[in-house]
Amino acid sequence: MITLGIESSCDETSIALLDNEKILFNTIYSQMDHSRFGGVVPELASRAHLEKIDRLAQSCFEETGLTPRDIDCIAVTDGPGLAGALLVGISFALGLRSVCNCAMTGVNHLEGHICSALLMHPDIDTPFLALVVSGGHTALYRVDSFDAITCLGETVDDAAGEAFDKVGKMLGFPYPAGRLIEEEAARFTGAEKELPSFTIAKCSQGDLHFSFSGLKTAVKYLLQGKSPEETLALRPALCHAFQRTIAASLAINAKKAAERTGISTIVFVGGVACNGFLRETLKKEFPGTVIIPERNLCTDNAAMIALAGYLRHQRGRLQEPSMSPSRGL
Ligand code: KG4
Ligand code: ZN
């Protein structure tokens, strides 16, 4: 079965083709237009999707030798995400379906991220835990089946990726800053006593929830009154301490969720799961099996959406794409 996946929920335009669960093609265009604005500009994102999506689909067919008539199912992200950006992908999917006359389904972006773990490990047994950490979301789920996903905890303010990006901005890094903070943190070669100390927030909403805005504010206060030279000198230690606090917060909640549910497998997905320090911390701290996709499948991509669509097709759970962009899981 050939599934075409389409992802356009934020600032990545991506098209993928799967043969059953196997990736035939997965192309991702990352819009760089936003870096000088310090964050994603929704209108620019929609325009860039519109300019790119057609070319990406064409290259997908050229590279694989397939044609639109070979497609059995189209899977398109239909939320959560930027309304205008989602609409480009959904409109493209609807147009293509009218040519291919194939099956079609809307896919929740977070369901897609969870599926990214199955692209490399199709045999993961349910139930498992899923830690989804990206620029827009930070949440811990219990997955009993793809029709029974329960949120155990989520951020009550900023997503972890958002905290990386905002702290990066304070430190003079362009958007998105996650990878740059990781690289800067790796430059810290000093002693433990030189590290700023940050605390892990406790959430009154429940102890499996997360909070990162206090950490962001702590960085802001630490930098207040510092000259550009002083900020530069402090950067490696600050990035290390910041990253270590995020890692500890994620690992503590993952561990608690395992103890509470008795589930001993966790998948760590989403753009922030690219971070090597976070990957290693979770592997060290989690009392069970940790599955993390390769990095190009952690960030937004259409292969994960195609797989979620393929699995929906197998379960007979296709759904017409919804035009409501703010759907959670
Ligand atoms: O999943 P994703 O591509 O898009 C969303 O659904 O949000 O995640 C993007 C986020 C950005 O906030 C980016 O800074 C972060 O992932 N990110 C990282 C790293 N690579 C990307 N954060 C920390 N360390 C990284 N190496
Ligand atoms: Zn995402």
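Along the sequence shown, residues carry numbers from 1. Atoms within a ligand are numbered from 1 in the order they appear, just like the ligands themselves. Predicted model only: the values in this text are computed from it and were never measured.
The Zn ion (ligand 2) has His109 NE2, His113 NE2, Asp300 OD1 as protein N, O or S atoms under 2.8 Å away.
Listed by first and then second residue, the ring pair (Phe, Tyr, Trp, His ring centres under 6.0 Å) pairs that reach into residues 121-166 are Phe164-Phe242, sequence neighbours excluded. Residue pairs satisfying the ring pair (Phe, Tyr, Trp, His ring centres under 6.0 Å) criterion with at least one member in residues 256-286, sequence neighbours excluded, are listed as follows: His240-Phe277.
At least one N or O atom of Asp165, backbone or side chain, sits closer than 3.5 Å to an N or O atom of ligand 1. For ligand 1, the polar-atom distance check against Asp300 finds a nitrogen or oxygen pair separated by under 3.5 Å. In terms of N/O distances under 3.5 Å, ligand 1 is approached by Gly136. Below 3.5 Å of separation, one finds an N or O of Gly178 facing an N or O of ligand 1.
Through direct or indirect side-chain contacts shorter than 4.5 Å among Ile, Leu, Val, Met, Phe, Trp and Tyr, Leu195 is connected to Phe188.
Among protein heavy atoms, atom 26 (N) of ligand 1 sits closest to Glu182 OE1, 2.8 Å.
Salt bridge present: Glu320 and Arg97 bring a charged side-chain N and a carboxylate O closer than 4.0 Å.
Atom-to-atom distance recorded for Met304:CE and Ile114:CD1 is 10.5 Å, nearest 0.5 angstrom.
Under a hydrophobic-cluster definition in which Ile, Leu, Val, Met, Phe, Trp and Tyr are linked whenever side-chain heavy atoms come within less than 4.5 Å, directly or via other members, Val143 and Ile263 are assigned to different clusters.
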